[in-house]
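Below is one structure, written out as structure tokens; the observations come after it.
Side chains are part of it too, since the values below use all heavy atoms of this structure and drop only hydrogens, waters and symmetry mates. As the structure lists them, so they are numbered: ligands from 1, and atoms in each ligand from 1.
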Amino acid sequence: MDSPPSLVCRELRLRGFRNYPELDVAFPPVGAAIIGPNGSGKTNLVEALYYLEIFRSFRGAADEQLCRFGDDVFHVRGRFEDPLSGRSLEVTAAYDKRRREKRVTVDGVVPDRLGGALGRVGMVVFSPSDVGLVSGSPSERRRFLDIVLSLNVPGYLAAVQRFRQTLKQRNALLREGAPAGVLEAWTIGLVEASAQIMAARARWVSDHAGLFAACYERVGHEAPARLEYRCSVPAAASPGTDVAEALTAELERVAQREREQGITLRGPHRDDLGLAREGPDGWLDLRDFGSGGQQRTAAVALRLVEAATVREARSTSPMILLDDIFAELDPGRSERLLELIEETPGQVILTAPKPSDLEVRRGALTRWRISSGKIVAAA
Ligand SMILES: Nc1ncnc2c1ncn2[C@@H]1O[C@H](COP(=O)(O)OP(=O)(O)OP(=O)(O)O)[C@@H](O)[C@H]1O
Ligand SMILES: [Mg+2]
């Protein structure tokens with residue numbers, strides 16, 4: 001955890017974003033703690049910052065919803081800086097709801113493809129809704145995997161895009177009862193993209209299961225938890241397996257059922273992550289048997305692993321955005337999470353409804369108050 005900090009946000013400018021008609025803030029390099037009542041705009045601010053990382057809402061909201069009520073367009077602009085080298089980066093995003101048009105620039109240049117502009121800054125968001133990563137459906141965990149790996153593993157995003165397109169076509173052919181020869185060409189394409197995705201997922205899980213267990217143990221102060229890859233082709237889950245071969249064999253095995261049901265039954269769209277904690281008689285799935293706090297701790301551990309993934313991929317630390325997560329953890333867990341985050345270099349932007357939740361960096365963070373979309377320095 002001794003990698004240098006990466007980019008820090010120095011300025012953020014919002015126009016017509018959620019409850020912000022206009023906002024111009026200058027962040028100190030170490031970060032800021034933003035305190036404000038429910039509904040004041042804390043999550044909206046975090047959402048705007050992270051928009052510059054993935055050009056989508058981290059809470060899964062459609063772009064239209066991000067336009068301030070009554071406005072048709074929003075703009076977000078961030079100026080980021082590397083505190084060591086002085087290198088700076090400007091990322092902007094704008095969305096026009098009437099034209100359904102998104103425009104992104106990186107240092108003033110419109111990227112050829114949006115995919116090429118993703119993850120330029122390096123940020124990780126911790127949010128209360130992360131508990132859904134543990135308690136929610138497999139699709140939430142797949143979305144998590146896809147975002148983390150798309151931002152940090154070269155070629156992953158392109159493989160996901162190829163996979164989605166091929167899956168759609170192949171499912172349509174299965175529904176139509178297309179001849180075997182026609183289907184086969186799409187199966188080959190599907191297997192190629194799927195194998196790349198599944199191999200990357202298997203590698204990521206096997207490289208990070210130890211760290212996940214350690215983070216869970218450290219924050220939770222209980223026995224380690226387990227992270228495993230529940231691959232829809234079990235033979236493909238262990239690294240080193242020929243994933244394409246295993247998936248091809250599995251698709252042949254279920255070919256008849258696929259035709260009957262008109263859908264592709266094996267592949268990355270059927271994968272899951274297993275999250276379990278040690279119980280008296282063996283492993284207990286946290287989705288079914290975790291307490292609220294244990295589920296939140298596992299979610300935090302996943303985010304810490306995500307931060308480590310960013311560090312490994314870029315050799316620099318990500319910006320950490322903590323949206324009101326301490327109220328959800330018991331005081332011991334909050335304290336240990338804060339300690340862990342304090343050990344990590346990088347800017348921290350943290351929000352909370354009450355100041356007592358904010359004893360981070362021993363009070364080093366500048367404190368701001370927020371109310372109705374306006375930010376002022378705290379007295
Ligand atoms: N498109 C929009 N236009 C204008 N206001 C919006 C829009 N979308 C959400 N809001 C409002 O923005 C306000 C702030 O929302 P936000 O989620 O940021 O609050 P918060 O400070 O995080 O509150 P909490 O502490 O309850 O999490 C809410 O009152 C919400 O209704
Ligand atoms: Mg909020």
Name the atoms and distances for all side-chain donor-acceptor pairs under 3.5 Å in residues 275-282, with sequence neighbours left out.
| from | atom 1 | to | atom 2 | distance (Å) |
| --- | --- | --- | --- | --- |
| R277 | NE | E222 | OE1 | 3.3 |

#### Entry: W204 and H208 aromatic ring geometry - parallel, tilted or perpendicular at 30°/60° bounds
tilted
Can you confirm whether the side chains of [X] and [Y] place a donor and an acceptor under 3.5 Å from each other?
X: R59; Y: T43; result: no
X: S232; Y: D271; result: yes
X: Q165; Y: Q169; result: no

### Message
At a cut-off of 2.8 Å, what protein N/O/S atoms sit near the Mg ion (ligand 2)?
### Response
T43 OG1
### Task
Answer yes or no: is there a side-chain heavy-atom contact under 4.5 Å between F58 and L321?
no
### Task
Report the residue from D96, V73, T92, V110 that forms a side chain to side chain contact (heavy atoms under 4.5 Å, CB included) with R103.
V110
### Summary
Less than 4.0 Å from some atom of ligand 1, heavy atoms are found in residues R18, N19, P37, N38, G39, S40, G41, K42, T43, N44, R59, Q65, C67, R68, F69
### Message
The test is salt bridge (charged side-chain N to carboxylate O under 4.0 Å, His left out); show your working for R270 and E250 and say whether it passes.
### Response
CA-CA 13 Å; R270 292 291 179 105; E250 189 63 18; over 6 Å; no
#### Entry: R18: side-chain hydrogen bond (donor to acceptor under 3.5 Å, both in side chains) partners, not counting sequence neighbours
E47
